Amino acid sequence: QVQLVESGGGLVQAGGSLRLSCAAPGLSFGWYAMGWFRQAPGKEREFVAGISRSGGTTYYADSVKGRFTISRDNAKNTVYLQMNSLKPEDTAVYYCAATDRAIATRSELEYNYWGQGTQVTVSS
């Protein structure tokens with residue numbers, strides 16, 4: 001019954017910024033670590049960023065570290081992904097996911113719930 005809903009995707013020029021949101025109204029949000037994944041055309045889905053239950057610990061893929069920031073607001077059942085200095089290679093469908101494991105792992109196999117994805121396109 002849990003449905004994660006992403007929003008905030010769109011078209012942006014290289015070097016620009018975008019902020020993604022993921023709402024989880026049907027989830028006991030504070031009990032789940034959260035992650036962002038992305039899938040570019042012709043490529044496998046990959047881990048982008050993760051955040052612990054309280055928001056105290058974050059993880060990033062090397063490709064986005066220093067440019068992206070993951071955060072969460074447990075009172076709003078929402079997780080965010082602030083994306084700065086966007087590059088054309090960041091173009092992908094971005095997915096929000098929730099895991100009941102203690103840590104937001106980098107493996108998509110360990111996530112219980114997923115959103116439908118939101119398209120991010122970065123032009124050169």
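Every value quoted in this text rests on a predicted model; they were computed, and no experiment measured them.
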Q) Under 4.5 Å between any side-chain heavy atoms of Trp31 and Asp100, yes or no? A) no
**Q.** Side-chain donor-acceptor contact under 3.5 Å, Thr105 with Glu110
**A.** yes
Q | Exam field: side chain Gln82 to backbone Thr69, donor-acceptor pair closer than 3.5 Å | A | no
Q. If you look at every heavy atom in Tyr59 and Phe47, which pair is closest and at what distance?
A. O-CZ, 3.9 Å
(Q) Would you say that more than 12 heavy atoms from the other residues, nucleotides or ligands in this model lie under 6.0 Å from the CD1 of Ile103, or not? (A) no
(Q) Quick one, Trp36 and Leu20 - any side-chain contact, counting heavy atoms below 4.5 Å? (A) yes
**Q.** Heavy-atom side-chain proximity of Leu86 to Asn84 below 4.5 angstrom
**A.** no
Q | Taking every non-hydrogen atom, the tightest pair across Met34 and Cys22 | A | CE-SG, 4.4 Å
Q | Cation-pi, Tyr95 ring and Arg45 (6.0 angstrom, 45 degrees) | A | yes
Q. Are the side chain of Glu6 and the backbone N or O of Gln116 linked by a donor-acceptor pair below 3.5 Å?
A. yes
**Q.** For Asn74, all residues meeting side-chain hydrogen bond (donor to acceptor under 3.5 Å, both in side chains), sequence neighbours excluded
**A.** Arg72
Q. Strictly by modelled atom types, are Thr78 and Asp73 linked by a side-chain donor-acceptor pair under 3.5 Å?
A. no
Q | With Arg38, the side-chain contact (heavy atoms from CB on, under 4.5 Å) member among Asp90, Leu81, Thr91, Val93 | A | Asp90
Q. If you take all heavy atoms of Ser17 and Ser85, which pair is closest and at what distance?
A. OG-N, 4.4 Å
Q.
Are Leu27 and Val5 linked, directly or through intermediate hydrophobic residues, by side-chain heavy-atom contacts shorter than 4.5 Å (ILVMFWY only)?
A. no
Q: Using atom types as modelled and distance alone, determine if a side-chain donor or acceptor of Thr99 lies under 3.5 Å from a backbone N or O of Tyr111.
A: no
(Q) Just verifying a value: how many Å separate Tyr80 OH and Ile51 CD1, rounded to the nearest 0.5 Å? (A) 11.0 Å
